[in-house]
**Student:** 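Below you'll find the structure I mean.
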There are 2 protein chains.
Amino acid sequence: MNAILDGDCIKVMNSLPEASVDLIFADPPYNLQLKGELHRPDNSRVDAVDDAWDQFSSFAAYDKFTRDWLAAAQRLLKPNGAIWVIGSYHNIFRVGAALQDAGFWILNDVVWRKSNPMPNFRGKRFTNAHETMIWAGKSEDSKYTFNYEALKALNEGIQMRSDWVLPICNGHERLKDDKGDKAHPTQKPEGLLHRVLVGSSNPGDVVLDPFFGTGTTGAVAKMLGREFIGIEREAAYRKVAEKRISKVRKFDREALQVSTSKRAEPRVPFGQLVERGMLRPGEELYSPRGQIAKVRADGTLIGTDVKGSIHQVGAHLEGAPSCNGWTYWTFKQDGKKVPIDVLRQQIRSEMAS
Amino acid sequence: MNAILDGDCIKVMNSLPEASVDLIFADPPYNLQLKGELHRPDNSRVDAVDDAWDQFSSFAAYDKFTRDWLAAAQRLLKPNGAIWVIGSYHNIFRVGAALQDAGFWILNDVVWRKSNPMPNFRGKRFTNAHETMIWAGKSEDSKYTFNYEALKALNEGIQMRSDWVLPICNGHERLKDDKGDKAHPTQKPEGLLHRVLVGSSNPGDVVLDPFFGTGTTGAVAKMLGREFIGIEREAAYRKVAEKRISKVRKFDREALQVSTSKRAEPRVPFGQLVERGMLRPGEELYSPRGQIAKVRADGTLIGTDVKGSIHQVGAHLEGAPSCNGWTYWTFKQDGKKVPIDVLRQQIRSEMAS
DNA sequence: AATCCAGCTGAATCCATGA
DNA sequence: GTCATGGATTCAGCTGGAT
């Protein structure tokens, strides 16, 4: 745990215990199939991704590699685990189809829209200004983690969309080797991993990255109080990543607390309000339209022609498929109408203390 | 030519002569696999895409369908032809892999970022705010059409990126049936097709849409002076499309001439007004002295003896070294002359949100 | 005549828990 | 496994009628 394992990711994954990982973030080789060299208009040469680890003999060979590492990844995930895979149009369609074929259940595809992409120097295509991430549950039934409120807060109060605008990794964040060259050709920005991990994992979760590279996933996981496992077969990358992560400090515990939704709060049966005498049997509740229902001793309501729970009676009055009775009904307190949800909040705050 | 053919798209395509089509735009079924009903927080029901044509028994069945229509499409394309396919995460990965397997050569994936997507009502995933288009040549050797300068002109003088922000099709553009309901559940916006056709085809080219629906491809092709072939098996959609396209008027010939040489960068994206249909190619703009200039499809203007950006033509008419075209030009709206800057403000307010 | 507001809608794989 | 039930959840933009 919190280590970088040496070796081929498939073999290493198969040596780890099954159902032991909460989240996987994978940045596999893109299989770029670049032909000649590319030069900028000023004749400078573009430093391309031409590493041996990105060479595959055919689509079939790439597909086999993809199926194999996905199978190993799926074995490692807990039943409610999830996976993120990032790629470009060269490989992401094959990865996505393989994910579906393996039984993963796609939850979203998320577009990383680069605010500062490399232009298309030849003027023969569109500027390749984005990469695609696929977020998928281990299976269709997985109860995946999604910190809705935290992401909404990250986005100034509006729910997070499937397109994320983030700059590419450069400047001080971009790791250099001893010669001052970039240490890894495709280092991902920490901002990207921050959003992934805040949104789809919780503190203490185990996060695995089978293509660890220079360790962005590990660095951000450490900051955010997640446990990480990295797998990387290139010694040079492992060395850079080790040094990088050792310098990372975990955020304060308070900083790791994210906004939670009401769903995470304890359930309070309406009957408790009656039991505790906050509402008395026979007391009248009022709908937004002024309709009246009476509280009964067992915590149900009775209206003019219907009885049942606060939700059922509200739904009936509205002719709606469902209704949140807590916010629907009000009662009279000192002559003013007050939502009954206020009483639930009182009970919850008592429970917390 | 310029007709809507009735029948199954694979059979119809196989009945057409091979190597006869320059460009294909395809909006195939997405295979959504929706389960139950979905309600908004206000309890209104979401009108889902549950049509029979989007039902497939398995991924294997969908893959076979995809391979078959792609093979027919590939046969129809000229050697230098290209194809666009649009989809969502439900199907686009399978389509992309099938394209590659069939020998198509992916040129870009292009993300349509929706400025006004439907939210995620249950707060369980990211807002599904984009769709993906794949642009591919018939083969790796295809000398595909790419109107670099025209697209650059549409994008305020900056080269066009692989992510396009456009609103979904609603308002008056959205076609209704006799009962006032939407005529087609997934009608695409004309702005999207405008950019596709201006960017990757030339006037006179033959454009095929094998999933014609209500004919957005045909309508925009006609406006832009392209020949179209539509294939649609649902009589109701064909009827709506026929009526729609009959009302479309082709733009003036000179409006279709797009820039072929570099020019000064306009300071503002006037082209977006054209792309979004706020101003139509061929429409007249008026100077303060009553002089007239016509809008062209790539967002440039043509006057009596001058053509160029809104700023350049304005400056020429005034004999001035420079001119702010945004405040200089007006267009007619409901009989009144309105500065085009009003339209820019509309776009800006959309972008800000 | 402008402005405002309520209402409606869009390619959506959209719940969790306990009996 | 199924089933019933509590109760949580939305953004942008257009339209048509009211102010």
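Because the structure is predicted, anything quoted here is derived from the model rather than measured. Chain A is the first sequence line, chain B the second, and so forth, proteins listed ahead of strands; every chain is numbered from 1.
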**Student:** Mind checking B:Asp47 for me? I need base, sugar-phosphate or nothing, with any heavy atom below 4.0 Å counting as a touch.
**Tutor:**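 Counting heavy atoms under 4.0 Å across all strands, the contact made by B:Asp47 is with sugar-phosphate only.
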
**Student:** Of the candidate nucleotides C:dC14, D:dC11, C:dT9, which contains the atom at the shortest distance from the side chain of B:Ser44?
**Tutor:**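 When the side chain of B:Ser44 is considered, C:dT9 is the closest of C:dC14, D:dC11, C:dT9.
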
**Student:** Could you tell me whether the side chain of B:Arg40 has a donor or acceptor atom within less than 3.5 Å of a complementary atom in the base of C:dG10?
**Tutor:**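 Indeed, a donor on one side and an acceptor on the other fall under 3.5 Å apart.
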
**Student:** Can you confirm whether A:Phe331 sits close enough to A:Leu279 that some side-chain heavy atom of one is under 4.5 Å from a side-chain heavy atom of the other?
**Tutor:**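 A:Phe331 reaches A:Leu279 side chain to side chain.
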
**Student:** Tell me: CZ of B:Phe121 to P of D:dG7, nearest whole Å?
**Tutor:**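 After rounding, the gap between these two atoms is 23 Å.
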
**Student:** Where the side chain of A:Ser261 is defined as all heavy atoms beyond and including C-beta, which of D:dT9, C:dG10, C:dA11 is the nearest nucleotide?
**Tutor:**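 Nearest to the side chain of A:Ser261 among the choices is D:dT9.
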
**Student:** In plain terms, say whether A:Glu149 and A:Lys262 are close enough for a salt bridge, that is, a side-chain N and a carboxylate O under 4.0 Å apart.
**Tutor:**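 So A:Glu149 does not pair with A:Lys262 through a salt bridge.
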
**Student:** Tell me the partner of C:dA1, counting only Watson-Crick (N1-N3 plus N6-O4 or O6-N4) or G-U wobble (N1-O2 and O6-N3) with both under 3.5 Å; none if nothing fits.
**Tutor:**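 Base-paired to nothing in any strand shown.
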
**Student:** Do NZ/NE/NH1/NH2 and the carboxylate oxygens of A:Lys78 and A:Asp205 come within less than 4.0 Å?
**Tutor:**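 Judged by the 4.0 Å cut-off on N to carboxylate O distance, A:Lys78 and A:Asp205 do not form a salt bridge.
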
**Student:** Assuming nearest nucleotide by heavy-atom distance, tell me which of A:Lys262 and A:Arg161 is located more 5' along DNA chain D.
**Tutor:**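 In this pair, the answer is A:Lys262.
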
**Student:** Which part of the nucleic acid does B:Leu34 contact within heavy-atom distance under 4.0 Å: base, sugar-phosphate only, or nothing?
**Tutor:**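 Here B:Leu34 touches the bases of the nucleic acid.
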
**Student:** Of the candidate nucleotides C:dA11, D:dT10, C:dC14, which contains the atom at the shortest distance from the side chain of B:Asn120?
**Tutor:**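 For B:Asn120, the side-chain atoms sit closest to C:dC14.
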
**Student:** Once hydrogens and angles are ignored, does a donor-acceptor distance under 3.5 Å link the base of D:dA8 to the side chain of B:Lys124?
**Tutor:**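 Such a pair does not exist between side chain and base.
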
**Student:** List the steps, then state whether side chain to side chain contact (heavy atoms under 4.5 Å, CB included) holds for A:Arg344 with A:Gln272.
**Tutor:** CA-CA 9 Å; A:Arg344 181 170 65 161; A:Gln272 275 207 21; over 6 Å; no

**Student:** Write down the distance between CG (A:Asn324) and C1' (D:dT10), rounded to a whole number of angstrom.
**Tutor:**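 To the nearest whole Å, that distance equals 15 Å.
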
**Student:** Taking the minimum atom-to-atom distance to the side chain of A:Arg263, which one of D:dC14, C:dA11, D:dA8 wins?
**Tutor:**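 Minimum distance to the A:Arg263 side chain belongs to D:dA8.
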
**Student:** Given the side-chain rings of B:Trp112 and B:Trp164, with only the six-membered ring counted for Trp, is the space between their centroids under 6.0 Å?
**Tutor:**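 Ring centroids of B:Trp112 and B:Trp164 are no less than 6.0 Å from each other.
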
**Student:** How would you label the contact of B:Pro189 with the nucleic acid (heavy atoms, under 4.0 Å): base, sugar-phosphate, or nothing?
**Tutor:**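 Contact class for B:Pro189: none.
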
**Student:** Side chain of B:Ser88, base of C:dA12: donor and acceptor closer than 3.5 Å?
**Tutor:**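 Checked by distance alone, the answer is no.
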
